[in-house]
Amino acid sequence: MKLDVILGLQWGDEGKGKIVDVLAPEYDVIARFQGGPNAGHSLSFGDVRHVLHNIPSGVFHRNIINIIGNGVIIDPVIFMKECETLVKMGIEPVKSIFISRKAHLILPSHRMMDCVQEQSKGISKIGSTLKGIGPTYTDKVSRNGLRAGDIFSDDFQDKFAELTSKHLQCFAERPENWNETEENLKWMKGIEYLKNFRFINSEYIINQYLREGKTILAEGAQGTMLDIDFGSYPFVTSSNTICAGAYTGLGVAPGLAGKTFGVFKAYCTRVGSGPFPTEISGKTGELIQKLGGEFGATTGRPRRCGWLDLVALKYAVMINGVTGLVMTKADVLDDFDEIQVAVAYKQHGQILDYVPFGYDNSIEPVYKSFKGWKSDITGCTRQDQLPAGLKEYIRFLEDESGVPVIIVSVGQDRKQTVDLR
Ligand code: GDP
Ligand code: IMO
Ligand code: MG
């Protein structure tokens, strides 16, 4: 079998969690390949409304294996809390979650450093989720990190103490209310809890599964415009959120690439700082925020809202080799008379049809207008029920991107999904 990948095409929060949950019955395995608890993936079915951070979004389906891949970073405290909540919901995470020995660990001092570094940046802060993501990936790349598989070694406590002390020496400041001893105690409890799980050489297991004909969906976190190489640097996260990240984040050869599903909202949002060419200020932006419930699933921060950015979307389709597009939250635009899409950028008097190196606030969008469909689509389950205006909008995006829209999501719930395949 080939490895299918699902990932975000914008600045995160595209609705990946919902779509993974919808597609999960088609797969034997769901595998997260990068990021950590900076992610907040919301799932909704019946009365259940749940946000996952460190755990793959297949966890609510029985008989699915959920792998936390080598490219992911784990906060043991958050992981334990998430699992305990799942247990209360009747899920047995110990049975269905496998952890790569090579996944790196987020230490309390990584979180501390994230806070101190953000504070020191002042107005040019990234708007990090403060989960310790940047410092943990920095330690991974500078070859100082601790990996999940290390927790079983005899000198793990010493390694932890050594790395923590290095961090503390480098950073004189501490965030407010920071209690070192308490944080470390909580963390060690999380480590003991982690030991109940199955630790695997995930690259071997995943390749073996593929050889055996098992189906695997690699689940991305964040989005293409937050990618460390191709996003709106430096206002990005610290991992490769793009499709290539799935191969390094799971240990699968690119020759085994299957389908790549790219998820995007019918409009755009961004949480945290950084350029956002199609951002709408004032009433319309506020209306999208309200109708779309655009508040961060991890931090609760309001998400900035704007129109769909086709220049960025086409860039994301190219970088990821997207084979099928998934449009979410089309229902949020149900009542709009007019919908805008940025079809080009204007920067320093020039029209651009690409994402420039100097990706900053000097970019202005060039819009094309669409008439709104002005009907309630939240009950649609079949293609023929979608209004003509929405179909026209979709056809335009397909023509421009060269990729078919295969799923349209029309509400939060699993059932509010129109499969166009
Ligand atoms: P993720 O990080 O990509 O998984 O996305 P988030 O869960 O952070 O944010 C997406 C939000 O939109 C969540 O609150 C979802 O429940 C919600 N959502 C997903 N798809 C739809 C949709 O089609 N319509 C509406 N109204 N909400 C949706
Ligand atoms: P999901 O998987 C939206 C943003 C942060 C910040 C920048 C860097 O739910 O789509 P970090 O904590 O990674 O150092 O923050 O990236 N960010 C996200 N925005 N969705 C996410 O994940 C995000 N993860 C990080 O707001 O601007
Ligand atoms: Mg999210």
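Order of appearance sets the numbers: ligands from 1, and atoms from 1 within every ligand. Keep in mind that the numbers below use all heavy atoms, side chains included, and drop hydrogens, waters and symmetry copies.
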Applied to residues 397-414, the side chain to side chain donor-acceptor pair (under 3.5 Å) test, sequence neighbours excluded, yields Lys18-Ser409, Asp21-Arg414, Arg49-Gln412, Lys314-Glu400
Contact with ligand 1 for Gly40, non-hydrogen, under 4.0 angstrom: yes
Counting only N and O atoms by type, is there a donor-acceptor contact under 3.5 Å from the side chain of Asn201 to the main-chain atoms of Glu203? no
Do me a favour and list the nearest non-hydrogen protein atom to [atom] with residue, atom name and distance?
atom	result
atom 7 (O) of ligand 1	Ser42 OG, 2.6 Å
atom 23 (O) of ligand 1	Ser409 OG, 2.5 Å
atom 11 (C) of ligand 1	Lys329 NZ, 3.5 Å

How about CD on Glu180, more than 12 heavy atoms from neighbouring residues, nucleotides or ligands closer than 6.0 Å, or not? yes
Which is it for Asp114 and Ser128 under the side chain to side chain donor-acceptor pair (under 3.5 Å) test, yes or no, and what are the steps along the way? CA-CA 8 Å; Asp114 209 2; Ser128 156; 3.2 Å; yes
Which class fits the ring pair [X] and [Y]: parallel under 30°, tilted 30 to 60°, perpendicular over 60°?
X	Y	value
His167	His110	tilted
Tyr393	Trp373	tilted
Trp187	Phe160	parallel

At a 4.0 Å threshold, what atoms of ligand 1 neighbour a non-hydrogen atom of Gly411? 20 (N), 21 (C), 22 (C), 23 (O), 24 (N), 25 (C)
Atom pairs and distances, donor-acceptor, side-chain atoms in residues 241-254, under 3.5 Å, two or more places apart:
from: Thr241; atom 1: OG1; to: Gly223; atom 2: O; distance (Å): 2.8
from: Thr248; atom 1: OG1; to: Gly245; atom 2: O; distance (Å): 3.4

Among the protein atoms near the Mg ion (ligand 3), how many are N, O or S and lie under 2.8 Å away? 2
What part of Gln416, side chain, backbone, both or neither, has a heavy atom within less than 4.0 angstrom of ligand 1? neither
Tell me, which residues have any heavy atom less than 4.0 Å from some atom of ligand 2? Trp11, Gly12, Asp13, Lys16, Asn38, Ala39, Gly40, His41, Ile126, Gly127, Ser128, Thr129, Ile133, Ala221, Gln222, Leu226, Val236, Thr237, Val271, Gly272, Arg301
